[in-house]
Amino acid sequence: MVEISLTNTRTRTKERFEPIDPKNIRVYACGPTVYDRAHLGNARPVVVFDVLFRLLRHVYGEDAVTYVRNFTDVDDKINARAAVTGRPIRDITEETIGWYHDDMDALGALRPTHEPRATDYIGQMTSMIEDLVAKDFAYPEQGHVLFDVRKFPEYGKLSGRSLDDMIAGARVEVAPYKRDPMDFVLWKPSAGDQPGWDSPWGYGRPGWHIECSAMSAELLGDVFDIHAGGIDLQFPHHENEIAQSRCAHGTEVMAKTWLHNEMLQVEGKKMSKSLGNFFTVRDLLNQGIPGEVIRFVLLMTHYRKPMDWTAEKVREAEATLQGWYNLTDGIEADSSMDFLIVDALADDLNTPAALEKLHRFSSSSAARLKSGMRLLGLKDAEETDWWRTTIVSLSSTFSTGDTPLYLSEIVPFLEKWQQLRLAKNYEEADLLKKRLEGTGLSVIVQPAGPVAIVPHGFDPKLLEAIEL
RNA sequence: GGUGGGUUGGCGGAGAGGUUACGCACCGGAUUGCAAAUCCGUGAAGACCGGUUCGAUUCCGGUACCCACCUCCA
C-alpha cells in the first residue's frame with residue numbers, strides 16, 4: 001500500500017494519512033457560492049483536490065472514496081444578484097451550477113460523489129441549530145441564533161488565534177444581539193423577498209457556516225477523513241464549522257486532516273476587479289487556452305505555495321503539452337512506472353515533482369508518459385485536438401487527425417517557394433515565407449524538401465491575399 | 001496591531017545534512033542559403049547575520065523584505 005502523507009493544518013505538520021475506514025474514505029471540500037462564473041482562483045482548489053481524489057481512488061480503489069463538494073445556493077450575494085437582474089433566485093443558481101460544471105469539466109476535474117445544495121439541507125441545519133441551543137452552545141436573540149464562542153474553549157485553534165487577540169484587533173461592528181463580538185450567526189431573519197424558511201426562531205435563513213457542518217454530517221458522518229478548502233477559509237469559515245460540528249456531536253475532531261491551498265495571484269498581484277486582472281475560467285477558455293493547459297499551469301506550483309498565473313507559464317505549458325500529445329498520440333499506455341508519479345503525489349500532493357517525472361518519461365518512453373499523464377488527470381491525446389497540426393509537403397502529406405489538409409491551397413505556394421530557393425532568389429523566397437507565416441503557417445525545409453506546418457484552426461482564406 | 005506562510009541559478013519550480021532536480025531561456029555542437037524543428041552538450045542558485053556540525057542552500061536563532069488572513073473572496 002502506498003503511504004500518503006499530507007500537511008495537516010490542524011496539527012501544522014506533514015503526517016501520514018491513515019484512513020478511518022480504508023473501504024470508505026470521506027473527503028469534504030468547500031464549494032462555490034453560485035451567483036456568477038467561477039474565476040481562476042476558484043479553479044485552483046478544484047484541480048488540487050481533484051488530484052487528491054484521483055490519488056485516493058488510485059490507492060484505495062475507485063469505490064472506496066466519497067468526495068463531497070457543496071454548492072452554496074443561499075447567500076446574500078445571490079440575493080443581490082436577483083435584486084439587480086429581477087430574476088428568480090432559483091434561475092440564477094441553476095444557471096450558475098451549469099456553468100460551473102461546464103468549466104470544471106473542461107479542466108478535467110472529476111465530478112465529486114455528491115454535490116449537495118445548501119437549500120436541500122435546511123431541515124438538517126435547523127435541527128443542528130436546535131441541538132446547539134439545547135446544549136447551550138448557542139442562543140436565540142432578536143430573531144437570530146448565535147453561536148456562543150466562549151462556550152468552546154478551543155475556538156481559534158485551527159487558525160492559531162486567541163479570542164482576545166482577535167477582539168483587540170477587530171474591525172467589525174459589534175451587533176447589539178451578540179454576547180461576544182466574535183459570536184457568529186447560525187440563523188438570521190428574512191424579510192421581504194429574501195429567501196427564507198420557517199423555523200423555531202421565526203421565518204429566516206441560515207448563516208453561511210452551518211451548511212457545511214450539516215451537509216458533511218449528513219453525507220460523511222460526525223467525523224470524517226479530510227476537509228479541504230482555500231487558506232482564506234481557514235478563518236472564520238472552517239473555525240466556525242469546527243465549533244458547530246464538535247459541539248453538536250461531542251467529538252474530538254470534525255475532520256482528521258485539514259488541507260488548505262494557498263492563493264492564486266496574476267502577474268504577481270492579487271487577482272481583483274479593480275486591478276483589471278480578474279478573469280473567469282470561461283474567459284480563458286474563450287481566449288483559446290485549452291482546459292488541459294490551464295490544468296497544467298495550476299499543477300506547476302505546489303498547492304501550499306502562492307501561485308502566480310502568468311502568460312509565460314501558459315506559453316510554456318502549452319508547448320510542453322503539445323509536445324507530449326504528439327509523442328503519445330495513438331500510443332498504448334504503459335503503467336509499469338506509474339509508481340514514480342504516485343510516489344510524488346503521495347508526498348503531500350507534490351504535483352511539480354510529478355511533472356518532473358513526466359518530463360523524464362518524455363525523453364525515454366511515450367507509453368509511460370501517457371500513463372503518467374492520466375494519473376494527473378490530463379486528457380489523452382485522442383480526446384482533444386487543439387494541439388494537432390497538419391504537415392503539408394510536396395512529396396507526402398499527412399495529418400495527425402481529422403484536420404483538413406488544404407492541399408490545393410497550400411501546395412502551389414510551396415512549389416513557388418522551392419523554385420525561388422533553387423534559383424537562389426533568396427530575397428523573394430524570404431518575402432514569400434514571411435507572408436505565409438503571417439497566416440499562421442510555419443514554413444520550413446526538411447531533408448525531403450519544403451514543408452508547411454498547418455496549425456489547428458487554420459483559415460485558408462488568409463492565403464487568398466498572397467500573390468503567387 | 002494580531003495570526004500564519006514565504007525568500008532557491010536570467011525566469012518558473014522541487015527534493016535532499018555531504019551525490020545531476022526538472023522545465024523554459026541562453027550559449028556551444030550536429031543540421032541549415034537564412035530560419036524553424038529535432039538531437040547532443042556546457043555553464044549558472046539557494047535574502048542577510050550568527051549558531052550547531054567534520055560538513056548546511058537543507059537544522060536552530062535573529063534581521064530585512066514579500067504575501068495571505070483578521071472585511072461571510074477558493
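Basis for what follows: all heavy atoms, side chains included, without hydrogens, waters or symmetry-related copies. Per chain, numbering begins at 1; letters A, B, ... match sequence-line order.
Residue side chain A/H39 reaches the base of B/A74 through a donor-acceptor N/O pair under 3.5 Å, judged by distance alone.
When each of B/G23, B/C72, B/A14 is scored by its nearest atom to the side-chain atoms of A/A353, the top-ranked nucleotide is B/A14. Distance from the side chain of A/H359 is smallest to B/C22 among B/U7, B/C22, B/A74. For A/E356, taking side-chain heavy atoms from C-beta onward, the closest of the listed nucleotides B/A21, B/C72, B/A74 is B/A21. In this structure, of B/A74, B/G15, B/C24, it is B/C24 that holds the atom nearest to the side chain of A/R315. In the set B/A14, B/G15, B/A74, the nucleotide with an atom closest to the side chain of A/P352 is B/A14. The A/R360 side chain lies nearest to B/A21 when the options are B/G23, B/G15, B/A21.
Taking the six-membered ring where the residue is Trp, A/H209 and A/H237 present tilted rings, their angle falling between 30° and 60°. In this pair, A/F147 and A/F184 present their aromatic rings parallel. The plane angle is below 30°, not in the 30 to 60° band. Classified by interplanar angle (parallel below 30°, tilted 30° to 60°, perpendicular above 60°), the ring pair A/Y155/A/F235 is perpendicular.
At a threshold of 4.0 angstrom between heavy atoms, the contacts of A/L264 include nucleobase atoms, whether or not backbone atoms are also involved.
A cation-pi arrangement is absent between A/R69 and A/Y28 under the rule of less than 6.0 angstrom and at most 45 degrees off the ring axis.
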Exercise. In B/S/- notation, 5' to 3', how is nucleotides 34-41 of chain B contacted by protein heavy atoms closer than 4.0 Å?
Worked result: BBB-----
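With hydrogens and angles ignored, the 3.5 Å screen pairs a side-chain donor or acceptor of A/K370 with a backbone N or O of A/I331.
Every side chain to side chain contact (heavy atoms under 4.5 Å, CB included) that A/K14 has, sequence neighbours left out, goes to A/S5, A/T7, A/D347, A/D348.
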